[in-house]
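Here's the structure we're looking at; comments come further down.
One-based numbering along the sequence shown. All figures in this text were calculated on a predicted structure; none of them were measured in a lab.
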Amino acid sequence: MLDLHAPPYADYAQRLDRLRRDPTSWTSLGFAASGDEPGVDVHELDRWRVVHLLHLSATPADRDLIRYLLDQEILARVHCAEGAGDPLSMLSTLLLEFGDEGDAARFWRAKTANFDTSAGGYDIEFIVARLDGDDVATRVASADIAAALAAMGTDDLDALERYDWAQIRDDLPGWRSSLDRRYSRKAPEDPQACEAWAELFGDSAGVLHHGLAAANSELDRAYVYRRVGQHAQAARRFREAAGSAADAWERTSRLRDALSEATKAGQTDLESARSIDALRAQIESWNEVGLGRMSTEAVFEQAAIAEDEATGRALFRLAERWRSELRSFFLVGLEAALRAAQRWGSEADVERIRQALHDERARIGALD
């Protein structure tokens, strides 16, 4: 179980206390578009962390804060144009408990924020659960709610007509039970939930502890070590997971992951590269599929970091032989190939790869 009284969770608990005391501080969690990265909300991660803690402890006194955070989350979903995310539903769940009928406008705005929320990432039932009476479409389109939606930046109510509101209302009891299970207001206890919280809050030690507790296989453990940046351990686990792979494709994929993690750890793994070489013949269309290209890139990356000359040259020659047989090779792979060639190839190798890199850049430029 997570210790929410310890850092980093305690830091956000203190921040939540400040938000409750000082409404002028709410803007520190408001939607704020990044000037450098389009579609990025610079306050999103902090807001999500606070929302998770608020979800555990909210009371009716938090109603205005909940509404503010939901409005900001809706803005983020509109402007970032992808995803729904648990905080959108967590805040809506709190408003079902503490809000009133007027919140139906917020719920409709959340439902229509972007393609993902409209397609099922956000439950339409939130709207019905806050409105009494059978004619939900008419109620949502009422003057008051339409005005509220317009104030939020939309007056699009056309999609109301496609829902079977009577059926949705009949299904509300089952939905509410499901909602309570999905968004429990109890602190996380099982390893998977604890790992998810630890990852959200940047608690690497927690991710490792709870992730390993939840892992059921070497492959699961490999992914946990990768998430916390323990690349040498991840590489070892991916190699071990390759031994239990169901077929050549799966085994190769795991060995490629092992190579990539080994590169990040500053280690070379010629044995895994040679194992992939032996498996290639068992994979149909190796020279056309992404796995062939990605594996080739991984071996070039290995060659580029090698310190031992014999190992570096062996890795470079292996990857260059694979590349020569591929139907195509992507830009980042060619960049890795050039780095490897500059260390272990001949002048002719360097010139050949440099020309291939030039041609690929020209091809991409012609597509723009």
Side-chain angles (χ1 to χ4, degrees), residues 1-34 40-80 83-100 102-103 105-107 109-110 113 117 121-123 126 129-130 152 179-207 209-210:
M1 187 171 179
L2 293 174
D3 183 0
L4 298 180
H5 300 291
Y9 312 98
D11 300 334
Y12 285 90
Q14 292 171 7
R15 186 166 184 178
L16 177 57
D17 287 340
R18 289 195 299 273
L19 293 166
R20 284 167 163 159
R21 294 193 306 268
D22 180 15
T24 65
S25 67
W26 294 359
T27 55
S28 67
L29 295 181
F31 168 73
S34 169
V40 172
D41 174 10
V42 298
H43 292 159
E44 181 173 270
L45 185 57
D46 281 345
R47 186 171 61 251
W48 283 19
R49 290 170 176 174
V50 168
V51 167
H52 275 69
L53 291 173
L54 175 62
H55 188 70
L56 300 181
S57 61
T59 71
D62 295 312
R63 185 182 297 110
D64 289 342
L65 174 59
I66 295 166
R67 284 174 173 150
Y68 174 81
L69 293 172
L70 180 55
D71 288 347
Q72 301 311 303
E73 195 60 28
I74 291 169
L75 280 174
R77 302 283 64 80
V78 169
H79 291 283
C80 295
D86 286 337
L88 196 66
S89 294
M90 294 168 81
L91 291 163
S92 298
T93 300
L94 292 177
L95 274 190
L96 282 186
E97 186 172 353
F98 304 128
D100 56 39
D103 291 313
R106 285 185 170 85
F107 297 153
R109 186 67 175 117
T117 57
Y122 182 84
D123 295 344
F126 280 114
R130 255 297 162 217
M152 293 179 186
L179 194 68
D180 291 341
R181 290 193 301 272
R182 283 182 288 154
Y183 301 110
S184 169
R185 295 191 62 195
K186 296 180 180 179
E189 295 180 353
D190 68 272
Q192 287 185 328
C194 288
E195 181 191 5
W197 271 64
E199 190 158 16
L200 174 65
F201 280 82
D203 177 11
S204 295
V207 171
H209 175 77
H210 295 290

State the NE2-CD distance between H43 and E73, to the nearest 0.5 angstrom. 13.0 Å
Which heavy atom of L2 sits nearest a heavy atom of W197, and at what distance? CD1-CB, 3.3 Å
Report the distance from atom CD of E199 to atom NE2 of H210, rounding to the nearest 0.5 Å. 12.5 Å
Do the non-hydrogen side-chain atoms of L16 and R20 ever get within less than 4.5 Å of each other? yes
Closest non-hydrogen contact found for Y122 with L88 is CD1-CD2, 3.7 Å
Under 30°, 30 to 60°, or over 60°: which ring-plane class applies to F201 and Y12, parallel, tilted or perpendicular? perpendicular
If you count every heavy atom of other residues, nucleotides or ligands that lies below 6.0 Å from E97 atom CD, does the total exceed 12? yes
Go through the side-chain N and O atoms of Y183 and D86 and say whether any donor and acceptor fall under 3.5 Å apart. yes
Heavy-atom distance under 4.5 Å between the side chains of Y9 and D203, does that happen here? yes
Taking every heavy atom of G121 against every heavy atom of A84, the minimum-distance pair comes out as O-CB, 3.4 Å
For the atom pair CG (L53) and CG (L4), what is the distance rounded to the nearest 0.5 Å? 6.5 Å
Quick one: closest heavy-atom pair of I66 and L91, and the distance? CG2-O, 3.6 Å
Could you tell me whether the side chain of D41 and the main chain of A32 form a donor-acceptor pair under 3.5 Å? yes
With heavy-atom distances below 4.5 Å as the criterion, would you say the side chains of D123 and S89 are in contact? no
Side-chain contact test, heavy atoms from C-beta onward, threshold under 4.5 Å: evaluate it for V50 versus D46 and give yes or no. no
What are the two closest heavy atoms between A58 and F98, and how far apart are they? O-CZ, 3.5 Å
Between R185 (side chain only) and H55 (backbone N and O only), is there a donor and an acceptor less than 3.5 Å apart? yes
Test side chain to side chain contact (heavy atoms under 4.5 Å, CB included) on H52 and L56; report intermediate values, then the result. CA-CA 7 Å; H52 275 69; L56 300 181; over 6 Å; no
Side-chain touch M90/L94, heavy atoms, less than 4.5 angstrom: no
Measure the spacing between CD of E195 and CG of D190 and express it to the nearest 0.5 Å. 10.0 Å
Stepwise salt bridge (Lys or Arg N to Asp or Glu O under 4.0 Å) test for D100 and R67: CA-CA 11 Å; D100 56 39; R67 284 174 173 150; 3.3 Å; yes
Run the numbers on R15 and R18 for side chain to side chain contact (heavy atoms under 4.5 Å, CB included), then give the verdict. CA-CA 5 Å; R15 186 166 184 178; R18 289 195 299 273; 3.6 Å; yes
How long is the span from the CG atom in L19 to the CG atom in L54, to the nearest 0.5 Å? 9.0 Å
For the residue pair F126 and S92, what are the closest heavy atoms and their distance? CE2-CB, 3.5 Å
Validation row: E189, S184 side chains within 4.5 angstrom (heavy atoms): no
Donor-acceptor under 3.5 Å (D62 side chain, L65 main chain): no
Could you tell me whether a side-chain N or O of Q72 sits under 3.5 Å from a main-chain N or O of F31, the two making a donor and an acceptor? yes
Considering only heavy atoms from C-beta outward, does the side chain of L70 approach that of D103 to under 4.5 Å? no
